[in-house]
Trainee: 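Let me begin by handing over the structure; questions about it come next.
Here is how names work: the chains are called A, B, and so on, in the same order as the sequence lines, proteins then strands, and each is numbered from 1.
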Protein chains: 2
Amino acid sequence: MENQSEHKSLARLDESLLTHIPPFSRLKDSQIRDILDHATARRCAEGVTVFREGDPAERFYMLLDGYIRVLRITAAGEQVISLHIPSGQLFGIARAIGRDTYPATALTASEAIILSWPTTLWDHFVREYEGFSSETYKIVGQRLGEINMRVVEMATQQVEQRVANTLLRLVDQTGRKVKDGIEVDFSITRQDLSEMTATTLHTISRLLSAWEKKGLVKSRRKHVVVSNADGLMALGRGCAPQHVSQQV
Amino acid sequence: MENQSEHKSLARLDESLLTHIPPFSRLKDSQIRDILDHATARRCAEGVTVFREGDPAERFYMLLDGYIRVLRITAAGEQVISLHIPSGQLFGIARAIGRDTYPATALTASEAIILSWPTTLWDHFVREYEGFSSETYKIVGQRLGEINMRVVEMATQQVEQRVANTLLRLVDQTGRKVKDGIEVDFSITRQDLSEMTATTLHTISRLLSAWEKKGLVKSRRKHVVVSNADGLMALGRGCAPQHVSQQV
DNA sequence: TATAAACTTTGCGCTAGCGCAACCTTCGGA
DNA sequence: TCCGAAGGTTGCGCTAGCGCAAAGTTTATA
């Protein structure tokens with residue numbers, strides 16, 4: 001099902017692909033050559049499943065270009081989006097957290113270019129390549145931090161604040177400058193946003209409409225542009241600035 | 001503020017303290033001796049802060065006895081309890097996730113005995129002690145898994161289900177068999193439960209009262225006993241058994 | 001170019017569970 | 001033994017935001 005994407009080897013992989021990516025940046029050219037020679041490259045369209053929660057973790061991945069969406073699906077069939085991974089990061093690194101199955105499902109949130117290696121090489125990477133493991137654990141720590149922040153937000157904030165903060169984080173992490181603001185750099189639907197913030201697509205739609213009227217965002221089908229980040233930040237902190245300034 | 005607890009060295013530490021604890025179980029006696037000789041032991045009363053979120057991670061810890069509560073405090077002063085750590089686990093291992101400050105606050109949820117080492121020894125432990133790092137990353141993975149599960153629960157379940165599942169997990173992880181069921185093995189208030197499930201102490205109180213009438217739990221001040229785990233599980237899955245069976 | 005599929009908007013009513021308030025119970029310390 | 005503090009219970013009213021429904025818009029497909 002997930003293998004309908006192109007799987008070609010992209011000719012021979014160039015070393016410059018990896019030299020500036022943290023887990024590999026301290027390595028010699030010959031080491032990088034070696035790493036690339038063991039890698040499988042793959043170009044995927046948007047919406048392609050890379051691996052599923054519970055699958056045996058047979059490979060680990062490096063996202064060279066595009067975005068990966070990580071999500072979990074409940075018994076009742078509901079999706080919860082855990083995070084989005086930007087290019088230049090490892091993912092599917094079950095071994096780094098002592099697991100032998102993937103803890104979540106990963107699919108491409110945009111067109112993407114992905115390298116992967118068999119998990120059997122993991123220990124070798126950790127042992128032989130300086131800086132690989134420390135960078136890896138930094139990534140794990142970052143993601144743990146993000147998930148923790150979500151727990152705190154979900155436990156303490158109103159829907160409007162959560163959505164505002166989520167959107168700000170999205171444009172901060174993956175934003176692309178456009179004419180009238182900063183745009184989330186991959187297709188994102190109301191449904192997606194609702195799965196990131198534990199609400200419904202209806203509520204997201206209402207919020208975006210309201211924000212658009214206030215000039216905070218501009219959105220169209222599958223696209224969201226933040227045009228007034230400061231205004232959104234005020235909302236995210238829970239102070240509704242327009243009331244404060246006009247009523248007192 | 002947090003140093004009012006006893007800080008005595010508990011005489012000389014016995015090697016048997018560590019020999020059966022996973023991160024150290026593969027080590028020779030001499031290695032364990034060495035580890036203990038560098039350790040500081042501390043016995044803490046309930047409610048003592050071990051470290052605070054944001055503090056420089058100068059030490060890492062092993063809980064020998066008791067329970068640790070890990071929590072975060074928001075700007076608005078609200079607490080969110082992330083998890084409870086049972087004895088035999090490392091904690092405060094910021095280095096394992098590439099951080100140099102603690103990502104959360106840790107305090108004792110019961111009387112506790114805690115060993116600790118300066119973080120400067122971390123790399124040495126990882127390098128010299130076989131199995132230490134893999135066990136460490138398993139712990140990180142477990143905690144990541146738990147936090148992920150909370151996100152999913154908070155995003156998809158009703159309060160009643162979340163509380164039921166949280167309680168079941170507590171007795172599963174820390175339960176102590178008592179006459180009429182399984183009791184959570186440390187003091188736990190309605191407030192604590194509410195901070196674990198993103199609700200209010202009032203709602204927890206109402207739920208526990210209702211469950212007590214149905215014979216699912218028995219609770220008194222700071223104590224909760226689960227007396228019918230299967231019944232609670234049914235609630236946790238979202239099927240209210242008494243309605244289902246009587247109305248159809 | 002028509003049609004379906006995917007995505008979005010908006011209105012309306014309802015309810016889970018919060019916030020407040022008042023009161024009760026248990027426990028530890030003087 | 002008394003008092004105060006911490007913890008727990010319960011009633012009541014309210015509202016954020018969900019669920020449903022219906023219709024509009026954009027995009028892909030035939």
Side-chain angles (χ1 to χ4, degrees), chain A residues 45-47 76-81 109 111 153-164 166-167 184 186-214 217-225 235-236 238 240 243, chain B residues 45-47 69 76-81 107 109 111 153-164 166-167 184 186-214 217-225 235-236 238 240 243:
Chain A
E46 186 180 319
E78 290 164 296
Q79 285 193 7
V80 178
I81 296 176
E111 249 202 290
E153 277 188 8
M154 286 176 54
T156 61
Q157 301 184 336
Q158 306 273 93
V159 166
E160 181 171 42
Q161 301 175 51
R162 294 204 303 267
V163 177
T166 300
L167 204 47
V184 177
F186 49 83
S187 321
I188 187 160
T189 64
R190 312 297 188 252
Q191 174 85 40
D192 293 331
L193 278 167
S194 73
E195 289 171 3
M196 301 178 66
T197 50
T199 177
T200 60
L201 75 159
H202 308 276
T203 298
I204 297 285
S205 176
R206 283 183 254 263
L207 285 173
L208 289 182
S209 297
W211 292 348
E212 185 131 15
K213 281 191 194 118
K214 292 194 208 159
V217 303
K218 282 214 171 67
S219 68
R220 14 183 281 268
R221 189 182 228 243
K222 288 189 166 202
H223 294 261
V224 181
V225 177
L235 280 188
H243 295 140
Chain B
E46 185 180 321
R69 176 171 297 151
E78 289 164 297
Q79 284 193 7
V80 179
I81 296 177
L107 50 84
E111 249 202 290
E153 278 189 7
M154 287 175 55
T156 62
Q157 301 183 337
Q158 307 272 95
V159 166
E160 182 171 43
Q161 301 175 51
R162 294 204 302 266
V163 177
T166 300
L167 204 47
V184 177
F186 48 82
S187 318
I188 187 159
T189 64
R190 311 298 188 253
Q191 175 85 38
D192 293 332
L193 277 168
S194 74
E195 288 171 3
M196 301 177 67
T197 50
T199 177
T200 61
L201 74 157
H202 308 277
T203 298
I204 298 284
S205 176
R206 283 183 253 264
L207 284 174
L208 289 182
S209 298
W211 292 348
E212 185 132 16
K213 282 191 193 118
K214 292 195 209 162
V217 304
K218 283 214 170 64
S219 69
R220 11 183 285 268
R221 189 181 229 244
K222 288 190 168 200
H223 295 262
V224 182
V225 177
L235 281 188
H243 295 143

Trainee: Residues from residues 187-199 of chain B sitting under 4.0 Å of DNA chain D, heavy atoms only?
Mentor: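 Those residues whose heavy atoms fall under 4.0 Å from DNA chain D, taken from residues 187-199 of chain B in numerical order, are Thr189(B), Arg190(B).
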
Trainee: Find the distance Ile204(A):CD1 to dT8(C):P and express it as a whole number of Å.
Mentor: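 These atoms are roughly 11 Å apart.
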
Trainee: Can you tell me how far the OG1 atom of Thr200(A) sits from the CG atom of Leu193(A), to the nearest 0.5 Å?
Mentor: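 It is 11.5 Å, given to the nearest 0.5 Å.
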
Trainee: Could you give the CG-to-C1' distance, from Leu207(A) to dA16(D), as a whole number of Å?
Mentor: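 Taking atom C1' of dA16(D) as the reference, CG of Leu207(A) is at 11 Å.
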
Trainee: Checking Glu212(B) side chain against Ser219(B) main chain: does a donor-acceptor pair fall under 3.5 Å?
Mentor: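 Yes: the side chain of Glu212(B) pairs with the backbone of Ser219(B).
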
Trainee: If only side-chain N and O atoms of Thr203(A) are considered, is one of them under 4.0 Å from the OP1 or OP2 phosphate oxygen of dA16(D)?
Mentor: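 Checking Thr203(A) against dA16(D): no side-chain N or O falls below 4.0 Å of OP1 or OP2.
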
Trainee: Counting only side-chain heavy atoms from C-beta out, which of dA16(C), dG7(D), dT10(D) sits nearest to Lys222(B)?
Mentor: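 Looking only at side-chain atoms, Lys222(B) lies closest to dG7(D).
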
Trainee: So, the side chain of Ser205(B) versus the backbone of Leu201(B): is there a donor-acceptor pair under 3.5 Å, distance only?
Mentor: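 Checking the backbone N and O of Leu201(B) against the side chain of Ser205(B), no donor-acceptor pair under 3.5 Å is found.
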
Trainee: Calculate the interatomic distance between Glu212(A) atom CD and dT8(C) atom P; express it in whole Å.
Mentor: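 Between P of dT8(C) and CD of Glu212(A): 13 Å.
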
Trainee: Over how many whole Å does the gap from Glu160(A) atom CD to dG17(D) atom P extend?
Mentor: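 That distance rounds to 8 Å.
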
Trainee: In whole Å, I'd like the distance from the CE atom of Met154(B) to the P atom of dC18(D).
Mentor: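 Rounded to the whole Å, the gap is 13 Å.
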
Trainee: Between atom CD in Glu78(A) and atom C1' in dC18(D), what is the gap in whole Å?
Mentor: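 Answer to the nearest Å: 12 Å.
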
Trainee: Which atoms form the tightest heavy-atom contact between Thr166(A) and Glu153(A), and what is the distance?
Mentor: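 Closest heavy-atom pair between Thr166(A) and Glu153(A): OG1-OE1, 4.3 Å.
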
Trainee: Working to the nearest 0.5 angstrom, can you tell me the gap between Met154(A) CE and Thr199(A) OG1?
Mentor: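 So the CE of Met154(A) and the OG1 of Thr199(A) are separated by 10.5 Å.
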
Trainee: Measure the distance from CD on Glu46(B) to P on dA6(D) and round it to the nearest whole Å.
Mentor: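 Computing the Glu46(B):CD to dA6(D):P distance gives 14 Å.
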
Trainee: About how many Å separate OG1 of Thr156(A) and CZ of Arg162(A), when rounded to the nearest 0.5 Å?
Mentor: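 The OG1 atom of Thr156(A) is 9.0 Å from CZ of Arg162(A), to the nearest 0.5 Å.
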
Trainee: Reading DNA chain D from 5' onward, which residue's closest nucleotide shows up sooner: His202(A) or His202(B)?
Mentor: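 Closest to the 5' end, via its nearest nucleotide, is His202(B).
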
Trainee: Out of curiosity, Gln191(B) CD to Met196(B) CE, how far, rounded to the nearest 0.5 Å?
Mentor: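 Those atoms lie 13.0 Å apart.
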
Trainee: Rounded to whole angstrom units, what separation is found between the NZ atom of Lys213(B) and the C1' atom of dG8(D)?
Mentor: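 Lys213(B) atom NZ is separated from dG8(D) atom C1' by 14 Å.
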
Trainee: Would you state whether a donor and an acceptor, one from the side chain of Arg206(B) and one from the base of dG19(C), lie under 3.5 Å apart?
Mentor: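 Check passes, donor-acceptor contact within cut-off.
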
Trainee: Could you give the distance from CG (Leu208(B)) to CG (Leu167(B)), rounded to the nearest 0.5 Å?
Mentor: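 It is 7.0 Å, given to the nearest 0.5 Å.
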
Trainee: Let's see if you can work this out: which of dG11(D), dT8(C), dC18(D) has an atom nearest to the side-chain heavy atoms of Leu201(A)?
Mentor: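 So the nucleotide nearest the side chain must be dT8(C).
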
Trainee: Determine the minimum heavy-atom distance between Asp192(A) and Ile81(A), stating which atoms define it.
Mentor: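 It is O-CD1, 3.6 Å.
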
Trainee: Please classify the nucleic acid contact of Ser205(B) as base, sugar-phosphate, or nothing, using heavy-atom distances under 4.0 Å.
Mentor: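 If one applies the 4.0 Å heavy-atom cut-off, Ser205(B) turns out to touch a base.
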
Trainee: Give every pair of a protein N or O atom and an N or O atom of nucleotides 24-28 of chain D that lie under 3.5 Å apart, one pair per line with the distance.
Mentor:
unit_1  : atom_1 : unit_2    : atom_2 : d
dT26(D) : O2     : Arg221(A) : NH2    : 3.3
dT27(D) : O4'    : Arg221(A) : NH1    : 3.3

